[in-house]
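For reference, the structure is listed below as structure tokens.
All values reported here derive from a predicted model rather than from experimental measurement.
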Amino acid sequence: MFSGEFNHILDIKYRYIAPALFREALGSHFVITKGLDRCLFVYTWEMWQSKIAELSQLSSTSAATRKFSRNFFAGALIAEPDKQGRVVLPESLREYAKLNREIVTIGVLNRLEIWDKEVWAEYNSEADMEYEQVAERLAEIRPDIIL
């Protein structure tokens, strides 16, 4: 399980280094792909295989499924960190997530998310205002889950 928030700076070659706390869990290779809300999702190899299995169950006759799958899988990078634990983030992923030099990595249960620091701050300021309303909505959907 991943949790926490970590600030980092991409180097001049746009290399990403996962927070030390998570490197062992990520292993020798993991996947970075387009996430939602203009961030990147980082999955362990095992979780990526699980996502493939889940998404392959969706009907390819659905336009929404095709559109999502194309974006999700076409942008995927199988990351194999160098000896210092660095992975070069390709331009397509950097552009999608609007990444500049200052980034934030957050742990979200079964994945990490990579955010541009300013985009994360903006998202967080809006999310903070809605946090309690979202919690109430989740309680309506799943009353068995107690926060």
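With rounding to the nearest 0.5 angstrom, the CZ atom of Arg101 is 12.5 Å from the NZ atom of Lys117. Taking CG of Leu77 as the reference point, atom OG1 of Thr33 lies at 9.0 Å (rounded to 0.5 Å). Arg111 contributes atom CZ, which lies 11.0 Å from atom CZ of Phe2 (distance to the nearest 0.5 angstrom).
Contact record, Ala25 with Thr44: O-CG2, 3.5 Å, taken as the closest heavy-atom pair. What you find for Pro81 and Ser28 is that their closest heavy atoms are CD-O, 3.3 Å. For Arg15 against Asp11, the heavy-atom pair with the smallest separation is NE-OD2, 2.5 Å. Nearest heavy-atom pair, Lys98 versus Val119, reported as atom, atom and distance to 0.1 Å: CB-CG2, 4.3 Å. The minimum heavy-atom distance linking Arg66 with Ser60 is given by the pair NH1-O, 3.0 Å. Minimum heavy-atom separation, Gly107 to Leu112: CA-CD2, 3.9 Å.
Looking at Ser62, its side chain never comes within 3.5 Å of a backbone N or O of Ser59 through a donor-acceptor pair.
Cluster membership for Ile106 and Tyr96, using ILVMFWY side-chain heavy atoms within less than 4.5 angstrom, is not shared. Residue Leu93 is grouped with residue Leu99 when hydrophobic side chains (ILVMFWY) are merged at heavy-atom distances under 4.5 angstrom, including chains of intermediate members. When the side chains of ILVMFWY residues are joined at heavy-atom separations under 4.5 Å, either directly or via intervening members, Ile78 and Ile17 end up in two distinct hydrophobic clusters.
Aromatic ring orientation, Tyr123 versus Trp115: tilted (interplanar angle from 30° to 60°).
Pairs engaging residues 30-47 under the salt bridge (Lys or Arg N to Asp or Glu O under 4.0 Å) rule: none recorded [sequence neighbours left out].
Taking a cutoff of 4.0 Å between a charged side-chain nitrogen and a carboxylate oxygen, Arg142 and Asp144 qualify as a salt bridge.
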Decide side-chain contact (heavy atoms from CB on, under 4.5 Å) for Glu102 and Asp116; before the verdict, give the C-alpha distance in whole Å, the side-chain angles of both, and the deciding distance to 0.1 Å. CA-CA 6 Å; Glu102 294 183 74; Asp116 176 80; 5.9 Å; no

Start with the C-alpha distance between Asn110 and Lys51, add both sets of side-chain angles, then the distance that settles side-chain contact (heavy atoms from CB on, under 4.5 Å), and finish with yes or no. CA-CA 11 Å; Asn110 64 356; Lys51 291 295 166 199; 4.1 Å; yes

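Every residue two or more places apart in sequence or in another chain that forms a side chain to side chain donor-acceptor pair (under 3.5 Å) with Glu5 is listed here: Trp120.
Within 6.0 Å of the CD atom in Glu24, the count of heavy atoms belonging to other residues, nucleotides or ligands does not exceed 12.
Evaluated for a ring-ring contact (aromatic ring centres under 6.0 Å, His included) with Trp48, the options Phe30, Phe41, Phe72 yield exactly one hit, Phe72.
Of the N and O atoms on the side chains of Tyr16 and Thr105, at least one donor lies less than 3.5 Å from an acceptor on the other residue.
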